Protein chains: 2
Amino acid sequence: MERVRQACRSCSVSQLCLPAGLEASELDRLESALEKKMTLHRGESLYTVGDPLESLFAVRSGCMKTSVLGSDGVEQIIGFALPGELLGLDALSVERHQCTAVALDTTAICVLPFARIEDLAAELPSLNRQLLRIMGSEISREQDLLSLLANKRASERLASFLDNLSKRFSDRGYSGRDFRLYMSRQEMANYLGMTIETVSRTLSAWQREGLIHIESKALSILDPEGLRAIAGNCVAG
Amino acid sequence: MERVRQACRSCSVSQLCLPAGLEASELDRLESALEKKMTLHRGESLYTVGDPLESLFAVRSGCMKTSVLGSDGVEQIIGFALPGELLGLDALSVERHQCTAVALDTTAICVLPFARIEDLAAELPSLNRQLLRIMGSEISREQDLLSLLANKRASERLASFLDNLSKRFSDRGYSGRDFRLYMSRQEMANYLGMTIETVSRTLSAWQREGLIHIESKALSILDPEGLRAIAGNCVAG
DNA sequence: CGTTCACTTGAACCCCCTCAAGGATGGTGG
DNA sequence: CCACCATCCTTGAGGGGGTTCAAGTGAACG
């Protein structure tokens with residue numbers, strides 16, 4: 001961990017993150033509240049179910065997964081966070097984290113001490129508004145995912161997922177056609193409510209049909225329109 | 001619609017709602033921001049996808065359902081709101097409602113003009129904190145529901161749902177053993193990602209086994225422990 | 001070069017959906 | 001008050017999408 005200065009204004013995803021919509025003077029103050037950054041390696045966890053809420057976190061680079069533990073101890077993956085996305089919002093309800101966040105790759109994280117964010121948000125309406133906006137979009141995102149899980153077939157879910165990842169990568173300046181899937185087949189399957197075998201079979205079929213090319217975790221989308229057609233024009237996931 | 005005074009402090013569910021944790025003087029100010037209340041009848045909608053965000057809403061009595069529309073136009077029910085619960089939070093992201101809220105019964109609603117809530121929250125830290133807390137628990141709630149949909153069998157989902165309703169009714173001072181299901185079988189099925197036939201068959205089976213008694217929408221839980229055992233001790237839903 | 005772990009592929013089964021018909025309920029108008 | 005109709009719910013039979021079980025392949029790493 002190290003202190004950072006000018007962290008946000010030099011960050012390529014700041015417009016997707018908490019600073020979006022803040023003016024320069026406001027940004028100064030946000031940056032001074034932002035205490036430190038940290039780096040996680042694959043498999044390391046940022047927080048775990050039950051940890052007290054101390055900070056919110058922003059992904060700066062890399063990829064995280066968040067998951068809840070069912071009563072039976074079965075993991076359910078809730079989301080994959082790419083750069084610019086905020087983590088830890090579920091802890092605002094009971095001041096304890098309700099899920100676990102684990103790095104899928106070497107991942108840089110900005111630590112936002114909640115007490116300072118809260119104080120600052122009381123002074124800066126646009127920051128508070130942005131915090132509410134991010135929480136609102138997290139609620140929307142989960143609603144779309146619910147819709148996906150409840151009434152789509154396995155292939156539609158998987159196609160929606162890949163299409164959604166594609167869109168998010170291109171929003172971040174990466175290629176939306178060729179990208180790396182940070183997660184394992186098992187993690188995709190878990191997230192989408194299916195088994196690893198079904199994921200594998202479906203991907204293999206699409207590869208035979210020329211929709212995609214996939215080798216290990218490297219994905220190329222050869223026919224984005226075809227994929228979207230399978231997804232039923234549903235970009236959730 | 002009519003102006004209300006002392007709305008919150010005379011409300012039996014205020015401790016489950018936005019006023020929770022506020023002091024008397026703060027409550028005064030919240031009540032003055034709270035403009036009016038309104039009554040909806042079965043089938044009437046409070047807001048629809050795409051409506052601009054003007055207000056948040058609190059359920060005072062009755063029951064509402066919220067749903068999103070998939071790209072294919074299929075409705076997906078996201079939740080059922082009982083008294084004390086806030087509606088409209090998903091609109092904070094893009095200032096437009098992302099879902100539709102419809103009354104399942106005659107329902108009294110408190111209207112909270114968002115601009116005034118936002119201004120007031122900037123002055124009252126505890127109100128802002130409570131707003132964040134409610135949004136956080138909405139995120140948690142949806143996460144639990146995701147876990148339910150992704151890796152539970154139909155009967156586990158239905159049992160979790162009834163158990164969850166039971167808990168919420170008893171939190172509100174009603175019986176957790178005998179209560180009215182405001183929603184139709186179709187709406188339960190949609191919410192839980194199953195078909196109406198499966199819901200009906202499962203309820204019939206439980207009735208034969210003596211777990212429940214159900215007649216139309218009137219439910220009696222005869223064996224709460226048995227139901228929880230089927231749910232796998234999972235109270236989400 | 002052997003071990004491990006992730007992934008792929010095949011075969012059989014089953015839970016739940018689909019399709020279909022019948023029964024109950026509640027509101028409406030004569 | 002009853003007939004009528006629309007809607008909701010129940011029950012049955014059959015089929016299919018996806019899971020489960022099982023074996024094999026491939027790549028990474030010591």
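A note on names: the letters A, B, ... follow the listed sequences, proteins ahead of strands, and every chain is numbered from 1. Nothing here was measured: the structure is a model prediction, and the numbers come from that model. The analysis underlying the following values was restricted to heavy atoms, covering all of them including side chains, and did not include hydrogens, waters or symmetry mates.
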Looking only at non-hydrogen atoms, find the nearest pair between P52(B) and H97(B) and report the distance.
O-CD2, 3.9 Å
Assign a letter to each nucleotide of nucleotides 6-16 of chain D from its 5' end: B, base within under 4.0 Å of a protein heavy atom; S, sugar-phosphate only; -, no contact.
---SBBBB---
Can you tell me how far C1' of dG17(D) sits from CZ of R157(A), to the nearest Å?
10 Å
Whole angstrom value for the distance that separates P of dG23(C) from CD of E215(B)
19 Å
Atom-to-atom span, CZ of R180(A) to P of dA6(C) - whole angstrom
14 Å
Donor-acceptor side-chain pairing of N190(A) and E75(A) below 3.5 angstrom:
no
More than 12 heavy atoms of other groups within 6.0 Å of Y174(A) OH:
no
Does Y182(B) have its ring centroid less than 6.0 Å away from the ring centroid of F80(B)?
no
Answer yes if the side chains of E142(B) and Q143(A) hold a donor-acceptor pair under 3.5 Å, and no otherwise.
yes
Just by distance, do the side chain of R60(B) and the backbone of C11(B) share a donor-acceptor pair under 3.5 Å?
no
Euclidean distance, atom CG of residue L158(A) to atom P of dT8(C) [Å, nearest integer]:
11 Å
How many whole angstroms separate atom CD of E156(A) from atom C1' of dG17(D)?
12 Å
Of the non-hydrogen atoms in C63(B) and L82(B), which two are nearest, and what is the gap between them?
SG-CD2, 3.9 Å
Terminal axis angle for the helix from dC1(C)-dG30(D) to dG30(C)-dC1(D), five pairs an end, nearest 10 degrees:
40°
Using atom CD of Q207(A) as one end and atom P of dC7(C) as the other, report the distance to the nearest whole Å.
14 Å
Between dT19(D) (P) and K152(B) (NZ): distance, integer Å
16 Å
For N190(B) and dC17(C), what is the distance between atoms CG and P respectively, to the nearest whole Å?
12 Å
Without hydrogens or angle criteria, can the side chains of S220(A) and D178(A) be said to hold a donor-acceptor pair below 3.5 Å?
yes
Could you check whether S140(A) and S137(A), counting side-chain N and O atoms only, form a donor-acceptor pair closer than 3.5 Å?
no
Counting only side-chain nitrogens and oxygens, does T195(B) get under 4.0 Å of the OP1 or OP2 atom of dC17(C)?
yes
